[in-house]
Amino acid sequence: MPADTNPRGDIFGGWLMALMDSAGKMTATERADGRVVTVAVSGIAFLRPVQVGDTVCCYTQLTHVGRTSLALDVEVWVLRQGKGERIKVTEAGFTFVAVDEQARPRPLPVDDRRAAAGS
């Protein structure tokens with residue numbers, strides 16, 4: 001939306017970062033089988049501007065699973081005005097922690113697919 005832009009029509013980085021956090025949260029919530037919180041963002045790189053009218057796509061990849069935390073790489077790609085080839089515009093690493101009802105860290109569930117593959 002135009003309210004989310006600078007005078008040149010480029011989308012604010014904070015808006016894009018919030019979108020990346022939401023995309024990461026979707027992946028993290030599914031793997032954690034419940035509530036997660038963002039605890040760190042690392043290496044964010046704004047490679048190219050995002051403009052009003054661009055189609056924005058976020059992609060996540062799980063890179064590490066710990067006892068209570070998990071890490072994801074999040075990339076943002078755009079189609080200029082919804083057309084043409086995809087262009088990578090932003091990337092960052094996000095770390096999430098699974099939490100219980102009292103917002104305390106809780107262990108992640110065992111990934112049954114990995115356990116079955118190892119047996």
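What you see is a predicted model, and the numbers here were worked out from it, not measured in a lab.
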CZ on Arg31 to CG on Leu72, rounded to 0.5 Å: 11.0 Å
Which atom pair, heavy atoms only, marks the closest approach of Ser69 to Val97? CB-CG2, 3.9 Å
dist Leu70:CG -> Leu62:CG (nearest 0.5 Å) comes out at 6.0 Å
Could you check if a side-chain atom of Arg35 sits within less than 4.5 angstrom of a side-chain atom of Thr29, using non-hydrogen atoms only? no
Mind checking what makes side chain to side chain donor-acceptor pair (under 3.5 Å) contact with Thr68, not counting sequence neighbours? none
Please give me the minimum heavy-atom distance between Pro109 and Asp33, naming the atom from each residue. CG-CB, 3.9 Å
About how many Å separate CG of Asp21 and OG1 of Thr38, when rounded to the nearest 0.5 Å? 3.5 Å
For Thr95, enumerate each residue passing the side chain to side chain donor-acceptor pair (under 3.5 Å) test, keeping only those at least two apart in sequence or located in another chain. none
Cluster partners of Met26, using ILVMFWY side-chain heavy atoms under 4.5 angstrom, listed by chain and number? none
Apply the test side-chain contact (heavy atoms from CB on, under 4.5 Å) to residues Val76 and Leu19: give CA-CA distance (whole Å), side-chain angles for both, the deciding distance (0.1 Å), then the verdict. CA-CA 9 Å; Val76 180; Leu19 188 66; 5.5 Å; no
Once you round to the nearest 0.5 Å, how far does SG of Cys58 lie from CH2 of Trp77? 12.5 Å
About how many Å separate CG of Asp10 and CH2 of Trp15, when rounded to the nearest 0.5 Å? 12.5 Å
With a 3.5 Å cut-off and sequence neighbours excluded, list the donor-acceptor pairs that the side chains of residues 99-107 form with protein atoms.
{"residue": "Asp100", "atom": "OD1", "partner": "Gln102", "partner atom": "N", "Å": "2.9"}
{"residue": "Asp100", "atom": "OD1", "partner": "Ala103", "partner atom": "N", "Å": "3.2"}
{"residue": "Asp100", "atom": "OD1", "partner": "Arg104", "partner atom": "N", "Å": "2.9"}
{"residue": "Gln102", "atom": "OE1", "partner": "Arg104", "partner atom": "NH2", "Å": "3.2"}
{"residue": "Arg106", "atom": "NE", "partner": "Val99", "partner atom": "O", "Å": "3.1"}
{"residue": "Arg106", "atom": "NH1", "partner": "Ala32", "partner atom": "O", "Å": "3.2"}
{"residue": "Arg106", "atom": "NH2", "partner": "Ala32", "partner atom": "O", "Å": "2.9"}

Applying side chain to side chain donor-acceptor pair (under 3.5 Å), can you list everything that pairs with Thr63, at least two apart in sequence or on another chain? none
Any side-chain heavy-atom pair of Met20 and Val41 under 4.5 Å: no
Give me the atom names and distance for the closest heavy-atom approach of Phe12 to Ala3. CE1-O, 4.0 Å
Let me have the donor-acceptor pairs involving side chains of residues 78-90, under 3.5 Å, with sequence neighbours excluded, atom names and distances please.
{"residue": "Arg80", "atom": "NH1", "partner": "Pro49", "partner atom": "O", "Å": "3.0"}
{"residue": "Arg80", "atom": "NH1", "partner": "Asp54", "partner atom": "OD2", "Å": "2.4"}
{"residue": "Arg80", "atom": "NH2", "partner": "Pro49", "partner atom": "O", "Å": "3.0"}
{"residue": "Gln81", "atom": "NE2", "partner": "Val52", "partner atom": "O", "Å": "3.0"}
{"residue": "Arg86", "atom": "NH1", "partner": "Tyr59", "partner atom": "OH", "Å": "3.2"}
{"residue": "Lys88", "atom": "NZ", "partner": "Glu75", "partner atom": "OE2", "Å": "3.2"}
{"residue": "Lys88", "atom": "NZ", "partner": "Glu91", "partner atom": "OE1", "Å": "2.5"}

